[in-house]
Amino acid sequence: MSWHILLFLKVLFLVLINSNHTWGQDTERPWYESLPAVAMDYKVHIDAGKEDCYFQYVQPGATFYVSFQVIRGGDGMAGFAVRHPSGQIVHPYQWQPSSEYTDQTSTGGYYSVCVDNQFSRFAGKLVNIYITVIRYDEWDKYAKEIEELQLNIHNFTSTIKNVERNINDMLQFQSHSRSREARDYALLSDNNGYVQKWSMAQILVILVTTTIQVYFVRKLFDIKTGTSSKSRI
C-alpha cells in the first residue's frame, strides 16, 4: 500500500471524527429549545395504575408554564406534579381534574412533568398537557441591537413585548377552552352511549315481558273440549 493511500485514509478518518463530534454537539438539544418562544400542546393516554413523566428544557431566565386537563376516563381526575431541575417538587401531587404551574424566572434546566394515574386501577385517562417556554429577555437583546443603529424605538419594543404577553395569555386561554370542550364532548358521548344501551335493554325487556304476558293470558282462555261421551243405558 503506497503512502498516498495511507495519507488519504488518515485524512478521511480525521474528517469523520470531527463530523461526528460536531453532530453530537448539535444534537444535544432539539433545535426549537433555543427559540425565544415555544408552545406545545399534547394529548396523552395514561393507563390504569401507571405514571408517565415528560421532560422539557427551559433556558435560564425564561418563563415556564404548564397546564393539565383530564379529558376523559374514570372519575375525570388524576395526579399532577412538576419537578424543578434542582430536584425539588415545586408542584406536589394533587388528585384533581385540572391544574397549572408557572415559573416566571427559571434558573434553567430540564423540568419534569408527571401525570399519575396509580389510584385508578381499572380506568385509563386521556390528559391534555399544554407547555410554553417564553424568553422575554430576547426582546431586550433585539432592542439593544436596534439602538446600535441609532433608532429610538423604545415604545415600539415595549408594545411588542406587551403584544407577546397578550398573545401568550390568549394561547393559554385557548388551550383551556379546547381542553374543556374536549372534556365536555367526551362526557356527552359517554352519556349518549350509556342512554342508548340502557334504552335498548329496557325495550328488549318490555318486549319479552309483553310476549310472556300475552302467552299466559291466552293459556287462561284456552278451553279443552272432550271428544268422547258416555251413553246412558
J.: Measuring only between side-chain heavy atoms, which start at C-beta, is C114 closer than 4.5 Å to E51?
T.: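 C114 reaches E51 side chain to side chain.
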J.: Using side-chain heavy atoms (C-beta onward) and a distance below 4.5 Å, is V115 in contact with I129?
T.: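 Answer yes - side chains close enough.
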J.: Please tabulate, for the side chains in residues 186-195, all donor-acceptor contacts under 3.5 angstrom to protein atoms that are two or more places apart in sequence or on a different chain.
T.:
| from | atom 1 | to | atom 2 | distance (Å) |
| --- | --- | --- | --- | --- |
| S189 | OG | Y185 | O | 2.9 |
| N191 | ND2 | L187 | O | 3.3 |
| N192 | OD1 | Q196 | NE2 | 3.4 |
| Y194 | OH | W198 | NE1 | 3.4 |

J.: Mind jotting down which residue pairs meet the side-chain hydrogen bond (donor to acceptor under 3.5 Å, both in side chains) criterion with at least one end in residues 61-81? Sequence neighbours excluded, please.
T.: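 Qualifying pairs: Y65-E100, Y65-H176, D75-W95, D75-K125.
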J.: At what distance, to the nearest 0.5 angstrom, does OG1 of T102 lie from NE2 of H91?
T.: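 Separation between the atoms: 9.5 Å.
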J.: Kindly state each residue pair satisfying side-chain hydrogen bond (donor to acceptor under 3.5 Å, both in side chains) with at least one member in residues 203-216, sequence neighbours excluded.
T.: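 For residues 203-216, and leaving out neighbouring residues, there are no side-chain hydrogen bond (donor to acceptor under 3.5 Å, both in side chains) pairs at all.
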J.: Do Y130 and L126 sit in one hydrophobic cluster, given that two such residues count as connected whenever their side-chain heavy atoms are within less than 4.5 Å of each other, even indirectly?
T.: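 Per the 4.5 Å side-chain linkage, Y130 and L126 are not co-clustered.
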J.: List in chain and number order the residues that pass side-chain contact (heavy atoms from CB on, under 4.5 Å) with P97, two or more places apart in sequence or in another chain; answer none if no residue qualifies.
T.: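 Checked P97 against side-chain contact (heavy atoms from CB on, under 4.5 Å); matches are M77, R183.
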J.: Would F80 end up clustered with Y101 when hydrophobic side chains under 4.5 Å apart are linked, directly or stepwise?
T.: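 Looking at the clustering, Y101 is in the same group as F80.
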J.: Would V82 end up clustered with I46 when hydrophobic side chains under 4.5 Å apart are linked, directly or stepwise?
T.: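 V82 clusters together with I46.
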J.: Would F119 end up clustered with V70 when hydrophobic side chains under 4.5 Å apart are linked, directly or stepwise?
T.: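 No, it is not one cluster - the side chains of F119 and V70 are not joined through contacts under 4.5 Å.
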J.: Tell me whether F68 is reachable from Y93 by hopping between hydrophobic residues (I, L, V, M, F, W, Y) whose side-chain heavy atoms are closer than 4.5 Å.
T.: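 In one cluster: no.
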J.: So which atom in P92 and which in A81 form the shortest heavy-atom distance, rounded to 0.1 Å?
T.: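 Reported closest heavy-atom pair: C-CB, 4.4 Å.
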J.: Considering residues at least two apart in sequence or located in another chain, which fulfil the ring-ring contact (aromatic ring centres under 6.0 Å, His included) criterion with H84?
T.: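 Only Y111 meet the ring-ring contact (aromatic ring centres under 6.0 Å, His included) criterion with H84.
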J.: Nearest heavy-atom pair of I131 and Q56: which atoms, and what distance?
T.: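 Residues I131 and Q56, closest heavy atoms: CG2-CG, 4.0 Å.
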J.: Using a 4.5 Å cut-off between side-chain heavy atoms of Ile, Leu, Val, Met, Phe, Trp and Tyr, which other residues end up in the same hydrophobic cluster as L207?
T.: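 Members alongside L207: I203.
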J.: Any side-chain to backbone donor/acceptor pair from N117 onto A78? Under 3.5 Å, distance only.
T.: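 A pair under 3.5 Å: no.
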J.: Got a sec: does the NZ of K50 have more than 12 other heavy atoms crowding it under 6.0 Å?
T.: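 Not more than 12 within 6.0 Å, no.
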J.: Given side chains that start at C-beta, do those of Y42 and V127 come closer than 4.5 Å, heavy atoms only?
T.: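 SC-SC contact between Y42 and V127 ruled out.
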J.: If I take atom OG1 from residue T132 and atom CD1 from residue I167, how far apart are they, to the nearest 0.5 angstrom?
T.: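 Interatomic distance, T132 OG1 to I167 CD1, rounded to 0.5 Å: 13.0 Å.
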J.: Evaluate side chain to side chain contact (heavy atoms under 4.5 Å, CB included) for Y57 paired with V38, printing each intermediate quantity in order.
T.: CA-CA 11 Å; Y57 179 78; V38 177; over 6 Å; no
J.: Kindly give the heavy-atom pair with the smallest separation between G108 and S106, and that separation in Å.
T.: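 Scanning both residues completely, I find the closest heavy atoms to be N-OG, 3.0 Å.
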